[in-house]
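Right, one structure below, let's go through it.
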Amino acid sequence: MNILVLGGGGREHAMAWKAAQSKEAECIYCAPGNPGMAQLDKAICVSVDGDDFSAVAVFIKEKNIGMVLVGPEAPLAAGIVNALQSTGAMVFGPCKAAARLEASKSFSKEFMARHNIPTAPYKAFTDAAEAKAYVEEVGVPLVVKADGLAAGKGVTVALDKATALKAIDDAMVTGVFGDAGNQIIIEGFLEGEEASILAFADGKTVIPMASSQDHKPAFDGDKGPNTGGMGAYSPAPVVTDALMAEIQKTVLQPCIDGMATEGSPYVGVLYAGLMITKDGPKVVEFNCRFGDPETQVVLPRLTSDLVEIVRACCTGTLDQIALEYTSDACATVVMASEGYPGSYPKGCAITGINEAEADGTAQVFHAGTREEGGELLTSGGRVLAVTALGATLRETLERAYDGIEKISFEGAQYRKDIGQKAFKHL
Ligand code: AMP
Ligand code: GLY
């Protein structure tokens, strides 16, 4: 079967890499892909615009594509699954109505309230003055969130009142998130440790993947501005077996059942961003896709065939599938451009990836790279996700950081403390 992967970041590199290992995969087209994806066995990068659904439909026919793996949320929220249904290809992801779980925070919060899914209490606002009055009434700490998609930047955790009021102004008065900030929600501050649970869903059955933990702040010790994610590891020992069973029972299954009852069965990857509080797991957010960089640590541990799992999701037969994993731990450390998540230079020469991968201990997923004249250059904020497996988390981290030491580009920044939170549980 020919497969089309939409996107060109580290997550999509990991998805294409895993799909390429399937016996069923013939050609893997990556639109637009990246230089790392271009080197994969069976892969070809093509310049089809993934947000132009008619162009994607034409490409599906032309290349006889049987399966489409959608990386980012934007095309899912815009209805790519609905738009491509008539092509007959299995387009893996939720339909537009189901993708609202990520695309609209107010939809997601109301949905959780309707189905008793544990999450922070909240209130939605379309008027800045009312939102500010609410802050005065309830006090801090609290969290201000733009309602729509804001590329991971729409959330402000406000520990003081001035920060909360500024976040309201930024979203609703200045309009820094565009239309995504016309409506905001203000929710209670949750205390605890975060974990990411990604799950496969076929509309009825939902099976969690191995647990993982992201590192969103830019700097060591969880300091600095929030980023797309600076590193991850799996499994996350904060998620014990008992806790995973509780998450399945109180979060994942009620979510899938609720979407089905409401007439928008959820097919695809359901990503639950959780806070593990002293009162149990609570949902911080739902995303409608694989996480980045969580995918880069979960898929390398998955020993089952991704293409078979995706087919089961798309055909409603996930109940016949069991997911298998290596017992090895996996960690990924993101190397980012100087200044990320603020402005950063592009076009810096990258060296050392072959050396890092030479003895097979590190695996480098490309996130923001491009090739010019045979030279590999930086082209994004997050540039590489340097990944390793190992018998223990400690060994895994050593391997990933050994890999990083061999790679260089001007101004490269990365966190030195990926995975450290795990050790207090181990
Ligand atoms: P989100 O984009 O919704 O994942 O939010 C970004 C980050 O803000 C999360 O990873 C959390 O660290 C933090 N956050 C979001 N909501 C809350 C909350 N209710 N309580 C505490 N922290 C939160
Ligand atoms: N790692 C956070 C996300 O994918 O949204």
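No hydrogens, no waters, no symmetry mates; every other heavy atom, side chains included, goes into these values. The structure presented is a predicted model; accordingly, all values stated were derived computationally and were not measured. Counting convention: from 1, in listed order, for ligands and their atoms alike.
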Closest protein heavy atom to [atom], given as residue, atom name and distance to 0.1 Å:
| atom | result |
| --- | --- |
| atom 18 (C) of ligand 1 | Val143 CG2, 3.5 Å |
| atom 2 (O) of ligand 1 | Val155 CG2, 3.5 Å |
| atom 20 (N) of ligand 1 | Leu190 N, 2.8 Å |
| atom 5 (O) of ligand 2 | Arg289 NH2, 2.9 Å |

>> Any non-hydrogen side-chain atom of Val239 less than 4.5 Å from a side-chain atom of Gln213?
In response: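 Val239 vs Gln213: side chains apart.
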>> I want to check something: taking the side chain as every heavy atom from C-beta on, are Phe92 and Cys313 in contact at a cut-off of under 4.5 Å?
In response: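 A side-chain contact exists here, since the closest heavy-atom pair is under 4.5 Å.
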> Taking the six-membered ring for Trp, are Phe107 and Phe111 parallel (under 30°), tilted (30 to 60°) or perpendicular (over 60°)?
Replying inline: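 Because their plane-to-plane angle is under 30°, the rings of Phe107 and Phe111 count as parallel.
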> Between Phe125 and Tyr134, what is the ring plane arrangement, given parallel below 30°, perpendicular above 60°, and tilted in between?
Replying inline: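 Rings of Phe125 and Tyr134: tilted, as their planes differ by 30° to 60°.
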Suppose I only count heavy atoms of [X] and a 4.0 Å limit; which atoms of ligand 2 are within that range?
| X | answer |
| --- | --- |
| Gly291 | 4 (O) |
| Asp214 | 1 (N), 2 (C) |
| Tyr271 | 1 (N), 2 (C), 3 (C), 4 (O) |
| Asn287 | 5 (O) |
| Gly228 | 1 (N), 2 (C) |

> Strictly under 4.0 Å, does any heavy atom of Phe290 approach an atom of ligand 2?
Replying inline: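 No, Phe290 has no heavy atoms under 4.0 Å from ligand 2.
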Check each of [options] against [atom] and report the one with the nearest heavy atom.
| atom | options | result |
| --- | --- | --- |
| atom 11 (C) of ligand 1 | Lys145, Glu102, Glu194 | Glu194 |
| atom 19 (N) of ligand 1 | Glu187, Glu285, Lys105, Glu191 | Glu187 |
| atom 7 (C) of ligand 1 | Leu274, Asn287, Asn226 | Asn226 |

>> If I apply the N/O under 3.5 Å rule, does Val157 come out as touching ligand 1?
In response: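 In fact, backbone or side chain, Val157 has no N or O that close.
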> So is Val284 polar-close to ligand 1, meaning N/O to N/O under 3.5 Å?
Replying inline: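 No, there is no polar N/O contact under 3.5 Å.
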> Does any donor atom in the side chain of His425 or Glu193 lie under 3.5 Å from an acceptor atom in the other side chain?
Replying inline: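 Per modelled atom types, His425 and Glu193 side chains form a pair under 3.5 Å.
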>> With side chain to side chain contact (heavy atoms under 4.5 Å, CB included) as the test, pick out the partner of Phe59 among Val68, Leu4, Asp52.
In response: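 Between Phe59 and the candidates, side chain to side chain contact (heavy atoms under 4.5 Å, CB included) is satisfied uniquely by Leu4.
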> Taking Glu324 as the fixed residue, which of Asp305, Thr303, Leu302 is the one that meets the side chain to side chain contact (heavy atoms under 4.5 Å, CB included) rule?
Replying inline: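 Only one option passes, and that is Thr303.
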> Is Glu246 paired with Lys282 through a side-chain N to carboxylate O contact shorter than 4.0 Å?
Replying inline: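 The answer is no: the pair does not qualify as a salt bridge.
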> Is it true that Asp169 and Lys132 have a side-chain N and a carboxylate O under 4.0 angstrom from each other?
Replying inline: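 Lys132 and Asp169: salt-bridged.
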>> So is Met275 touching ligand 1 or not, going by heavy atoms under 4.0 Å?
In response: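 Flag set, Met275 near ligand 1.
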>> For Gly154, state whether at least one heavy atom is located under 4.0 Å from any atom of ligand 1.
In response: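 The answer is no, since Gly154 has no heavy atom less than 4.0 Å from ligand 1.
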Pairs of donor and acceptor atoms involving the side chains of residues 332-341, under 3.5 Å and at least two apart or interchain, shall be tabulated with distances.
residue	atom	partner	partner atom	Å
Thr332	OG1	Val386	O	3.4
Thr332	OG1	Thr387	OG1	2.8
Ser337	OG	Gly380	O	2.7
Tyr340	OH	Gly228	N	3.0

> Are any of the N/O atoms in Arg11 less than 3.5 Å from those in ligand 2?
Replying inline: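 No, no N or O pair falls under 3.5 Å.
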>> Regarding ligand 2, does Lys216 bring an N or O atom to under 3.5 Å of one of the ligand's N or O atoms?
In response: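 N/O-N/O distance under 3.5 Å: no.
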>> Tell me whether the count of non-hydrogen atoms from other residues, nucleotides or ligands lying under 6.0 Å of NZ in Lys123 goes above 12.
In response: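 It does not: Lys123 NZ has 12 such atoms or fewer within range.
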> What about Phe286 and Tyr271, are their ring centers closer than 6.0 Å?
Replying inline: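 So the answer is no for these two rings.
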> In ligand 1, which numbered atoms sit nearer than 4.0 Å to a non-hydrogen atom of Lys216?
Replying inline: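 Counting atoms of ligand 1 from 1, those under 4.0 Å from Lys216 are 4 (O), 10 (O).
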